[in-house]
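Being a predicted model, the structure only gives us computed values, none of them experimental. Atom set for the values below is all heavy atoms of this structure, side chains included, hydrogens, waters and symmetry mates excluded.
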Amino acid sequence: MVDLFRPYRARVGLTLIAVIVGVLMGLLPPYFLRIIIDDGLLRNDLRTVSIFSALTVIVTIAAAGVTLLYGYWSVLIGQYIMCDIRNNLFVRLQAMSLRFFTATRTGEIQTRLISDVQGVQTVVSTTVTDALSNVAIVITSLVAMFLLDWRLTLLSVGMVPLFAVIGSKVGDFAKNVRRGTQEQTAELNSMMQETLSVSGVLLTKTTGRLDTLTRKFDQENRKLAGWQIKMTLVNYLFFAMIRLITSLAPALVYWLAGYLMWRGDASITVGVLVAFTALQTRMFFPLTGLLNIQVEILSSFALFERIFEYLDLQPDVQESPNAVALPKESVLGRIEFRDVCFSYDESVRSHAVVDISFTAEPGQLVALVGPSGAGKTTLTYFIPRLYDPDSGQVLLDGHDVRDIRLQDLAEIVGAVTQETYLLHSTIRENLHVAKPDATDEEMVEACRLAAIHDHITSLPEGYDTVVGERGYRFSGGEKQRLAIARALLKNPRVLILDEATSALDTRSERLIQASLAGLMKGRTTFAIAHRLSTILAADQILVMDQGRIVERGTHETLLARGGLYRRLYEEQFAQPTTVRVSDEDGNAD
């Protein structure tokens, strides 16, 4: 945790100086109080009372100002560190491969990024400063108390180890409770994220199983309530300790002082006793603060463990230390697979892709066909390095993609995936994702090619129309046309179309196919499609089954061969023509 403060050493140094100044100033009022009582009130000296009362007010106000200053600085440093933690977490998560996100629920990720980080805010923002301030106050108060009377001081100090042990036990309990609370919070967040999205609500309403979902939510909600009750119990235990300290310690000091005065000890005066109890109060409040910090730090370890568990993750797709720069303008787009193998589950070794080898020349359209689950989409994931193969190589213009800078590879490869994803923002900002510096003219041209410009201009706010969560305000066909416009705007050298025209009506498909034909000139394009129009235009067709390429060739040669391709073709295209009914938005029924 110390490394978090390293970038802010100068600010931390100034804060420490302010802490020391504030602590030393805080020692003066109890001594002024002794003088006011013994030398002023008991001797009826109004001048002494007035002078030291004024000094007490001045010093108290000044000390409060210094405390406010270092408190502000500590919060400032803490918030900078919080930003660093969130940024580092976000960057680390963005560096993870697709494998991580397919195995982790979104709600769990969100809880660690938001709730867990928020949970350590107090520790990072104020705990270090408070700890240093409290330690300094306790030490200086003890010295001042010792100078007043060593016997009363020993009695006060004798109770400290007992409370430290109790604080340690409470802190250990709090750590376990806090971990359980955050894990259950992640569970509930995941459930809410899954069920309260547009897709989740649609599923609930169309299945009619609201009772089952409500029962499950109630169970998870009650589990969280149980953990939060335990957390409240921790707080009660801690404050019970504070009340015990503040009540027991002064009573014992008064008893010992009374006993010494009864024995005729002249060193114990009313002023000394009042000053001592003031210093004792000044010591015990930061001492209870240290106990609170002890509990807070121990319980926060659970959150730090969860945060650093993500920060310590090593991406399975990493940029090579000797990665070469490959500007998009210099890329021809030759893609070669050499004996590529890949499995989603290493323990079972159920390969999704097995011993794949082929070459796609620049400008070629490669169609990938095969039954569902054959590995078509997985094969395309190796090109932009969403996954790395377990063995074999994927080459781009003779370079292993693992030896190319990730940023360059991201610029070279563009994709329109089967599941169209749009940000909850405007059309313009969604297009800027592909090219942040795109001009309005470039956006309009890309949308014209994707046959969506006319629809956009018919909207009241045009390109500033908010698309809604996951683009839900638009039909499936409109979302796919926007996704295609985004890919066109990026202008990649290698294009991946994963069922890119599956949600389009016949008219829009024809328009886009014509524009894609122009786009694919000089580019390597991989098209996962079941539509005959895409397959007929392909330079080569790769037929996949159970992770293998079982056939390859052109449409005519594969039909003549009479294998799996012919069987798929007859099942999908040789049936009697069905009527396609399109609604106004371009959705085909």
Side-chain angles (χ1 to χ4, degrees), residues 1-24 65-97 100 104 108-139 171 174-175 178-179 182 186 286 289-290 292-323 325 405-408 410 436:
M1 193 174 75
V2 176
D3 289 339
L4 298 174
F5 292 86
R6 201 176 303 280
Y8 309 103
R9 290 188 296 268
R11 289 180 181 271
V12 171
L14 289 175
T15 303
L16 294 180
I17 293 173
V19 167
I20 294 171
V21 172
V23 168
L24 293 177
V66 173
T67 301
L68 180 64
L69 179 63
Y70 73 67
Y72 168 73
W73 283 347
S74 67
V75 170
L76 199 65
I77 294 169
Q79 287 304 316
Y80 286 151
I81 292 173
M82 298 296 289
C83 288
D84 291 344
I85 293 175
R86 280 191 290 264
N87 286 338
N88 291 339
L89 264 177
F90 185 79
V91 171
R92 174 61 63 184
L93 289 170
Q94 287 290 334
M96 299 306 295
S97 74
F100 171 80
T104 310
E108 171 69 22
I109 296 173
Q110 290 175 341
T111 298
R112 300 211 191 194
L113 190 59
I114 300 173
S115 182
D116 288 2
V117 173
Q118 190 69 29
V120 301
Q121 179 172 340
T122 302
V123 176
V124 175
S125 296
T126 59
T127 295
V128 175
T129 302
D130 287 349
L132 293 172
S133 174
N134 289 336
V135 167
I137 291 173
V138 169
I139 293 174
K175 176 183 177 181
R178 200 156 192 179
R179 171 177 284 278
Q182 289 305 110
L290 287 174
N292 185 27
I293 290 170
Q294 180 184 15
V295 173
E296 185 71 29
I297 289 177
L298 286 175
S299 64
S300 294
F301 280 163
L303 302 185
F304 277 113
E305 287 172 3
R306 284 169 55 84
I307 291 170
F308 282 101
E309 184 180 340
Y310 271 13
L311 287 175
D312 293 339
L313 287 174
Q314 293 301 316
D316 52 338
V317 174
Q318 297 190 41
E319 185 168 281
S320 169
N322 302 317
R405 289 197 324 179
L406 289 174
Q407 182 60 42
D408 289 344

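Atoms CG and CD1, from N88 and I81 in turn, are 11.5 Å apart once rounded to the nearest 0.5 Å. Annotation: the span from F304 atom CZ to L311 atom CG amounts to 10.5 Å, rounded to 0.5 Å. Separating the CZ atom in R86 from the CD1 atom in I307 is a distance of 10.0 Å, to the nearest 0.5 Å. Here the CD1 atom belonging to I85 is positioned 15.5 Å from the OH atom belonging to Y80, to the nearest 0.5 angstrom. A distance of 11.0 Å separates CD1 of I139 from CG of N134, quoted to the nearest 0.5 Å. Between I17 atom CD1 and Y70 atom OH the span is 14.0 Å, to the nearest 0.5 Å.
Every residue was checked against the side-chain hydrogen bond (donor to acceptor under 3.5 Å, both in side chains) condition with Q318, not counting sequence neighbours, and none meets it. Under the salt bridge (charged side-chain N to carboxylate O under 4.0 Å, His left out) criterion, D84 pairs with no residue at all, not counting sequence neighbours.
Considering V19, V21, I20 as possible partners of V23, the one that fulfils the side-chain contact (heavy atoms from CB on, under 4.5 Å) test is V19.
Scanning both residues, A95 and P315, for their nearest heavy atoms gives O-CB, 3.3 Å. Scanning both residues, E319 and Q407, for their nearest heavy atoms gives OE1-N, 4.3 Å. Of all non-hydrogen atoms in Q314 and M96, the two that sit nearest each other are O-CE, 4.2 Å.
For R92, the CZ atom counts as densely surrounded, since its 6.0 Å shell holds more than 12 non-hydrogen atoms of other residues, nucleotides or ligands.
Considering only heavy atoms from C-beta on, W73 stays 4.5 Å or farther from Y8 through its side chain.
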